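These figures come from a predicted structure and were not determined experimentally. One-based numbering, in listed order, for ligands and for the atoms of each.
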Amino acid sequence: MTRYLLAGGGTAGHVNPLLAVADRLRRDDPAAEILVLGTAEGLEARLVPERGYELATIPKLPFPRRPNAAALRFPAEYRRTIGTVRSLIEQRAIDAVVGFGGYAAAPAYSAARKAGIPLVLHEANAKPGLANRLGARYTPFVGVAFEGTALPHATFVGMPLRVEVEELDRAATRPEAAAFFGLDAGRPTILVTGGSLGARRLNSTIADRAAALTGAGYQVLHIQGGRGELTDPGIDGYRLVDYCDRMDLAFAITDLAVARSGAATVSEFAALGIPAVYVPYPVGNGEQRFNAAGVVAAGGGILVDDAAFLPGWVDTELLPLLADRERVTRMGERAATAGVRDGSDRMVSLIRSSL
Ligand SMILES: CC(=O)N[C@H]1[C@@H](OP(=O)(O)OP(=O)(O)OC[C@H]2O[C@@H](n3ccc(=O)[nH]c3=O)[C@H](O)[C@@H]2O)O[C@H](CO)[C@@H](O)[C@@H]1O
């Protein structure tokens, strides 16, 4: 029996590939023991137990980026956290640590190294995060979701997709999806999603032009995300949802998406051949622009700056695109050429090769 510690979290973009790998490890070996390491603040605190896995938490310790009191406390707190994870590895007789980046991952990488057990990483973003840049120096087993991600020992595996996304037959599921969201299966549909936390810019611009979009013959499924800042205007063919737990069904009814280019979102759209207008999150380390670069170069999407994604852009660019149904269909076909559906299998193979 193999015992795994899967570390990572923060937003769903990190949690979902972790869950996809957990499910695949368990499906291939029902006796495998899986323990997830995260923080109490991240989305993992809800999503991991809901999926039937045990979650152990450690404190969220951001790397200090400026010299202040927290920066002075950091080294001792960080060492203590590594010690906590090391004890967990010993108590639970963990055989391998698999990390997905983020706050909970970095101390797990150091603990795995100290414990002398295999360490395997997955980097979701085209531009790697800090934890994985550190961790990749400790192990030759580094899976990446996008070709060309600059990390030592990078092996392209694609994004591990949850089984309900990986195996989705969009056309066959469309009627069920329409019923689930109260939409019409026969009408073309735009999905709006700002990732797991929502995106204020997408929300305000789409809310402003909702009537124009439905007036163009489309339905709009608008997932506004965590903040819940919008109230439903009650327009026919427009559905407002806060957080969506059935993205598989949302994807089944989507003809065109308007979205942030988080690593998981881009990978899911490409794998399923969903064309998209990508509006990268302009903050962070700029990784979202890189995430969308491949699928946009393949002709499967359009990139728009956050600052330019205004109601006027919808009128001058999006409405003409919506009117050209053939162009939308072609974009979807091209998106599929950049997609990978077997990321979970490939990542699990990499994990097995480390044991
Ligand atoms: C603001 C921020 O820091 N964003 C980062 C974060 O975004 P975030 O977590 O938003 O990004 P992703 O697009 O990667 O992932 C979102 C995931 O949540 C799912 N989903 C989304 C909405 C919803 O209502 N329900 C739902 O299940 C999507 O299907 C997808 O699997 O992590 C990503 C992956 O490391 C990074 O690329 C992003 O830059």
Under 4.0 Å to a heavy atom of His14 - the qualifying atoms of ligand 1, by number:
35 (O)

Which of these, Asn125, Asn16, Val15, Leu47, has its nearest heavy atom closest to atom 19 (C) of ligand 1?
Asn16

For atom 18 (O) of ligand 1, the closest protein heavy atom turns out to be Ala12 CB, 3.3 Å

When rounded to the nearest 0.5 angstrom, what distance separates CG in Leu55 from CG in Leu35?
8.0 Å

Hydrophobic cluster identity match, Ile190 and Val277, side-chain contacts under 4.5 Å:
yes

Identify the protein heavy atom lying closest to atom 25 (N) of ligand 1, giving its residue, its atom name and the separation to 0.1 Å.
Cys244 O, 2.7 Å

Should you measure from each heavy atom of Glu268, which atoms of ligand 1 turn up under 4.0 Å away?
28 (C), 29 (O), 30 (C), 31 (O)

Give the residue and atom name of whichever protein heavy atom lies nearest to atom 33 (C) of ligand 1, and the separation in Å to one decimal.
Ala263 N, 4.0 Å

In the protein, what heavy atom is nearest to atom 20 (N) of ligand 1, and what distance, to one decimal place, separates them?
Met247 CG, 3.7 Å

Does the cation-pi check pass for Arg46 over Tyr243, that is, NZ or CZ under 6.0 Å from the six-membered ring centre and within 45° of its axis?
yes

Please write down residue, atom name and distance for the protein heavy atom closest to atom 4 (N) of ligand 1.
Gln288 NE2, 3.6 Å

Near Ile223 (heavy-atom distance under 4.0 Å), the atoms of ligand 1 are 24 (O)

Take Thr189 and Gln219 through the test side-chain hydrogen bond (donor to acceptor under 3.5 Å, both in side chains) and record every step on the way to the result.
CA-CA 5 Å; Thr189 306; Gln219 302 174 117; 2.9 Å; yes

When distances are taken from atom 39 (O) of ligand 1, the protein heavy atom at minimum range is Glu287 OE2, 2.3 Å

Those atoms of ligand 1 less than 4.0 Å from some heavy atom in Tyr281
1 (C)

Per the side chain to side chain donor-acceptor pair (under 3.5 Å) rule, what does the pair list look like for residues 54-69, sequence neighbours excluded?
Glu54-Arg92

For the pair Arg200 and Glu229, evaluate side-chain contact (heavy atoms from CB on, under 4.5 Å) and give the outcome as yes or no after the intermediate values.
CA-CA 8 Å; Arg200 203 165 286 143; Glu229 59 210 9; 3.5 Å; yes

Candidates Leu19, Leu161, Val163 - the one meeting side chain to side chain contact (heavy atoms under 4.5 Å, CB included) with Arg24
Val163

How about Phe269 and Phe251: are their ring centroids closer than 6.0 Å?
yes

Filtering Val283, Leu43, Thr11, Thr265 for the heavy atom nearest atom 12 (P) of ligand 1 leaves Thr265

Any N/O of Ala264 closer than 3.5 Å to an N/O of ligand 1?
yes

Begin from the C-alpha positions of Asp306 and Arg260 and carry the test salt bridge (Lys or Arg N to Asp or Glu O under 4.0 Å) through to its verdict.
CA-CA 9 Å; Asp306 185 80; Arg260 281 285 190 234; 2.9 Å; yes

Which of the numbered atoms in ligand 1 are below 4.0 angstrom from a heavy atom of Arg162?
29 (O), 31 (O)

If you measure from the Lys or Arg side-chain nitrogens to the Asp or Glu carboxylate oxygens, is any gap between Arg289 and Asp305 under 4.0 Å?
yes

Which atoms of ligand 1 have any heavy atom of Asn291 under 4.0 Å away?
37 (O)

N/O to N/O below 3.5 Å, does that happen between Gly195 and ligand 1?
no

Heteroatom distance test (Asp242, ligand 1): nitrogen or oxygen, under 3.5 angstrom:
no

Enumerate the residue pairs fulfilling side chain to side chain donor-acceptor pair (under 3.5 Å) with a member in residues 112-122, sequence neighbours excluded, ordered by first and then second residue.
none

Measure from the side-chain N and O atoms of Arg341 to the backbone N and O of Ala271, and report whether any donor-acceptor pair falls under 3.5 Å.
yes

For atom 15 (O) of ligand 1, the option (of Gly13, Pro280, Gly102, Gly286) bearing the nearest heavy atom
Gly13

N/O of Ser196 under 3.5 Å from N/O of ligand 1, yes or no?
yes

